[in-house]
Amino acid sequence: MAEELSKQYNPKDTEDKWYKIWEQNNLFSAQASADKIPYCIVIPPPNVTGILHMGHALNNSIQDILIRYKKMKGFSALWMPGTDHAGIATQNVVEKALAKEGLKRQDLGREKFVSRVWEWKQLYGTTIINQLKKLGCACDWERIRFTMDQDYSAAVTEVFVRLYEKKLIYQGHYIINWCPRCQTALSDEEASHIELQGNLYYLKYPLKDNPQEFISVATTRPETMLGDTAVAVNPKDKRYKKYVGKYLILPIVNRPIKIIADSTIDMEFGTGAVKVTPAHDPNDYALGKKHGLEFINVLDPDGKMNASTQKFAGLDRFKARETVLEELKLLGLLEKTAAHTLSAGHCYRCHTIVEPYLSKQWFVKMKPLAKPAIAAVKKDKIKFHPARWTKVYLNWMNNIQDWCISRQIWWGHRIPVYYCKACQAKNSKAGIIVSRTKPLKCPKCSSEDLIQDEDVLDTWFSSWLWPFATFYWPQKNKDAKYFYPTATLVTAPEIIFFWVARMIMAGFEFKKQLPFKDVYIHGTVRDSQGKKMSKSLGNAIDPLEIIAEYGTDALRYSLISITSQGQDIYLSKEKFEQGRNFANKIWNAARFILINLKPEEVNVDLCLFFKREQLDPVNRWILSRFYTTLSKVEKDLDDFKFNEAAGSLYAFFWHEFCDWYLELIKPQISQKTTQVVMYKILEKYLRLIHPFMPFISEEIWQRLPGAKDSIMQQHWPHLQGGLINRKDEEQMELAFELINTIRNMRAELEVNPASRVDIQLTVNNQLTRESLEMLASYIKNLAKINNLIFTDQYIPQINQYAVVLKDLHVVMPLAGVINITEQLEKIALKIEKLKAEIKNKEGMLANKNFTSRAPEEIVETERNKLADMHEQVKKLEVIKNGLH
RNA sequence: GGGCUCAUAGCUCAGUUGGUUAGAGCGUUGCGUUGACAUCGCAAAGGUCAGUGGUUCAAGUCCACUUGGGCCCACCA
């Protein structure tokens, strides 16, 4: 051993060091290789503006486990990294920085502003990447992509043009979600509906023919009344039947508006009469189209009332609401105000209340794209884990709406549409040129006066191409062929619609193939109150802080161990102590082994070295437990049960390997077989734990005698099924029980020396002779009883061997001094329970349904169990009678 | 309105084809530990598995309903 290990594991000494070495030695790279099976994960590209939060930490820890595991399993495992340009988010960040200089983006102009964003990206865009490295992510950084790389942008343009040519992209005036702060359209998914306490205002509109008569309408947004062009009622509504077709005078504006009838109107709600504002409400828009109403826009893009509202012009929409209400009140036309909860869309970026707004935007027709994407999931070609997300996905896909893809911002992929002014002058619908490259002149009239569409594309319009655009689609190349379709996608539930569903559609549309086979949806990280963790709420636990305090491995282990089957995670800081303690435990166990290791003894092949039968029970037991654990971990990882795998690894190492095995072998630690087994288990265990805790496993690995390569280059241990033996395990479990019993007795006897009487302790199950012999020495050692004499005395009445302790006499393996009545009660209870159990078993074995279906072995073991139970009842009854 | 999800020890949670005695971490209590580890060890206490009914030889697990949380979707003015 080169250097002494410190008593405590110190992650700071190891993490950055090993990450650098892994990178320098190219250990993250994955290549197309004919003799290996590909395994590829594309990272959910974090925003360039991103900083690592717990959601990232969880998401990427899971991916890293999969990649490192598959790599060790011999796959060519590629983790494709990259970042997303995150249109609105990034533009907001840069605009904020500009604001500090007292500048607006308009002051710079488009070109300068965009180059400012690029500058920002160069400076800060790698923050999140460096943080992923801190987390230990084994991404192939040589391949890192950005959604606005030149060839990636080419892919985006290509997709736009193809869809346009297929008539799946169209332009139109529609009501969209408009963020007045970002001043752009948002897709439906980007406008999240939040419940608000608001008011329902009842406004009175006078009849044109008879101004003394009114119809009341209810609205939550009274300022939009300035744009009303009708009032609608249900044709079945008797209250209003006589008014249909007549006119009202819109107050304040004094414009006549028609009363129309439409069956979509709910007679129960409000007054049953609805003001219709076709330019400011999606439902009203539909009514407007249907009934040929006028569309009057009353808002400017910044959310202020526009010039058409005359005296209200320039007022913010909320200020205008108050003013309009005041005025109506003065006119005596505000009938009443009632409290009302409503849900209003909020910009997912800046949380401003969005406004339904009529504007000209680009849309993708989604229904045709959805078809194959629905079929693939229905046919299980793509599987969601946990499966319940399948339903969520299908539900959305079956009701899919067209996707508004244009955004009125500057940072992003500019829409590849050009307008010929000359042609448009003749016909406003003509003169649209959609082109992969900027055309020099109009193909129709040869005019060179062309301007490009001002808008950029929704960020997700580039992200949905991620699984293949990262491989330089539409160019053809070897890697794309080898790694696509990718294997697993690991992501959070909130982007199933934004991203997952659209990637599946894009995969089928442009690659004619699914983009990935498995989708693992993990839970959302919440604080201990159940609120979503976010920086703005101030409830976030910063993963980097945890790394600094507890270490990366601790962070990763703790996160993984508490994430079960996609259930949300309620996090508090204490949870990371378990990870830290575990890392320290591994460290100290390794330290103990290395201190006691004779390197010249252990350089042998475990399997060739000995046969199972030649080992003592303890070594046999730990080998069996190790391989049992290995097979369980493999199965759990293949089933995406990461917490189960982590739990098995923890329980094995701490409670079996450390608590029992290392304690038991102390007296025999210099024996050759013990040396070999102890060393081999440590060495193999490090490989198992490596995907979960990459740094500490490498650090210890490198201190093993003769370690050459990185642990990353090691193969995952092969399963040695022959070393798993359930009988061996059972024997030791019984022995442990016995040892603990004796320990307790000893404690009790020390407290009450007067109670020293002859006690005979029986083992309440059949331990083999061999195990009993071995036990004697361990008992002496562990229980620290010096006057212990072991005999293999056989007690025929109960068909058992006994351990006899001098001065002790016990009939049951019970701790301490025995209260006879208490014991009788306990025994009676046990007998009762056993009898119930026997009845149960007998029913089971009598059931043909069971006996014919279950394999013969299982039926057999059940029969044996039943026989055992009968035996036990007999024994207990003997004891019961003896005690009487 | 539709859908999903949760209710298991004082707390936070595991428990996936129904099958001996329902587990872990933290906390509590007792005992222990100066040579791997106090970021430690051993043990104890603590559970009518939310409630009711059903299916079954057998239910924490499957079904129905009830109660109480959380989340998502939807065009309620």
Side-chain angles (χ1 to χ4, degrees), chain A residues 5 7-9 175 192-193 200 217-221 224 232 264-266 268-277 281-286 340 342-343 356 386-389 391-392 395-396 399 493-494 496-497 524 526 528 530-532 550 554 558 561-562 564-572 574-575 577-596 639 641 643-644 647 650-651 655 658-659 662-663 666 739-740 743-744 747 750-751 782-784 815 830 833-834 836-837 839-847 849-850 854 858 862 865-866 868-869:
Chain A
L5 273 74
K7 271 191 156 190
Q8 272 152 26
Y9 172 58
I175 297 273
S192 51
H193 285 258
L200 193 56
V217 294
T219 178
T220 55
R221 294 184 297 151
T224 61
T264 59
I265 305 303
D266 181 359
E268 308 293 322
F269 190 91
T271 61
V274 186
K275 64 192 267 309
V276 183
T277 324
D281 183 279
N283 289 323
D284 295 4
Y285 176 81
H340 181 70
L342 62 147
S343 85
R388 66 184 141 93
W389 295 110
K391 233 176 162 178
V392 176
N395 184 46
W396 188 73
N399 298 297
E494 56 262 32
I496 291 179
F497 306 141
T524 306
R526 302 177 183 280
S528 50
K531 288 206 183 83
K532 190 175 165 176
Y550 300 98
S558 288
S561 69
I562 58 180
S564 76
Q565 284 292 57
Q567 217 53 255
D568 284 356
I569 295 176
Y570 296 80
L571 205 60
S572 59
E574 300 82 64
K575 301 243 160 118
E577 284 173 15
Q578 190 188 2
R580 176 200 56 186
N581 295 355
F582 186 37
N584 196 55
K585 190 73 183 177
I586 297 174
W587 181 255
N588 274 294
R591 185 165 157 249
F592 171 73
I593 291 169
L594 289 173
I595 287 169
N596 290 290
D639 292 347
K641 292 177 196 163
N643 63 324
E644 295 267 328
Y650 180 92
H655 297 309
C658 290
D659 289 352
L662 290 183
E663 292 304 324
K666 275 178 182 171
I739 289 172
N740 281 335
R743 276 177 181 161
N744 285 343
E750 270 177 8
V751 177
L782 283 183
K784 302 219 163 139
K830 185 121 196 222
K833 264 192 177 172
L834 273 169
E837 196 61 44
K839 195 181 155 203
N840 181 350
K841 274 266 140 59
E842 279 170 350
M844 177 177 171
L845 288 164
N847 190 340
N849 216 352
F850 172 79
I858 291 184
E862 291 297 334
K865 280 182 194 170
L866 184 61
D868 282 356
M869 281 190 277

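Heavy atoms only: backbone and side chains are in, while hydrogens, waters and symmetry mates are out. None of the values given here were measured: they were computed from a predicted structure. To find a chain, count down the sequence lines: A is the first, B the second, and so on, and within it residues start at 1.
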[X] side chain: which of [options] is closest?
X        : options             : value
A/Asn840 : B/A77, B/A36, B/C57 : B/C57
A/Ala589 : B/A36, B/A14, B/G19 : B/A36
A/Cys658 : B/C76, B/A36, B/U16 : B/A36

Just checking [X]: base, sugar-phosphate only, or nothing, at a heavy-atom cut-off of under 4.0 Å?
X        : value
A/Lys839 : nothing
A/Val274 : base
A/Lys841 : nothing

Sort me out a list of protein N/O and nucleotides 22-25 of chain B N/O pairs below 3.5 Å, or just none if empty.
| residue | atom | partner | partner atom | Å |
| --- | --- | --- | --- | --- |
| B/G25 | OP1 | A/His655 | NE2 | 3.0 |

Nucleotide paired to [N] in any strand shown, Watson-Crick or G-U, under 3.5 Å:
N     : result
B/U56 : none
B/U12 : B/A24
B/C4  : B/G70

Exercise for the section: May I ask you to decide if A/Ser561's main-chain N or O and A/Asn643's side chain share a donor-acceptor pair within less than 3.5 Å? Expected result: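 Here the side-chain-to-backbone pair does not exist.
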Handout entry: Atom pair distance, as rounded to whole Å: CG in A/Asn847 and C1' in B/G18
Key =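 About 13 Å, once rounded to whole Å.
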Practice task
Hey, which sits more toward the 5' end of RNA chain B by its nearest nucleotide, A/Thr219 or A/Phe497?
Solution key: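 Nearest-nucleotide comparison on RNA chain B picks A/Phe497.
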Handout entry: Under 3.5 Å donor-acceptor pair, A/Lys585 side-chain atoms to B/C37 base atoms
Key =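 Check passes, donor-acceptor contact within cut-off.
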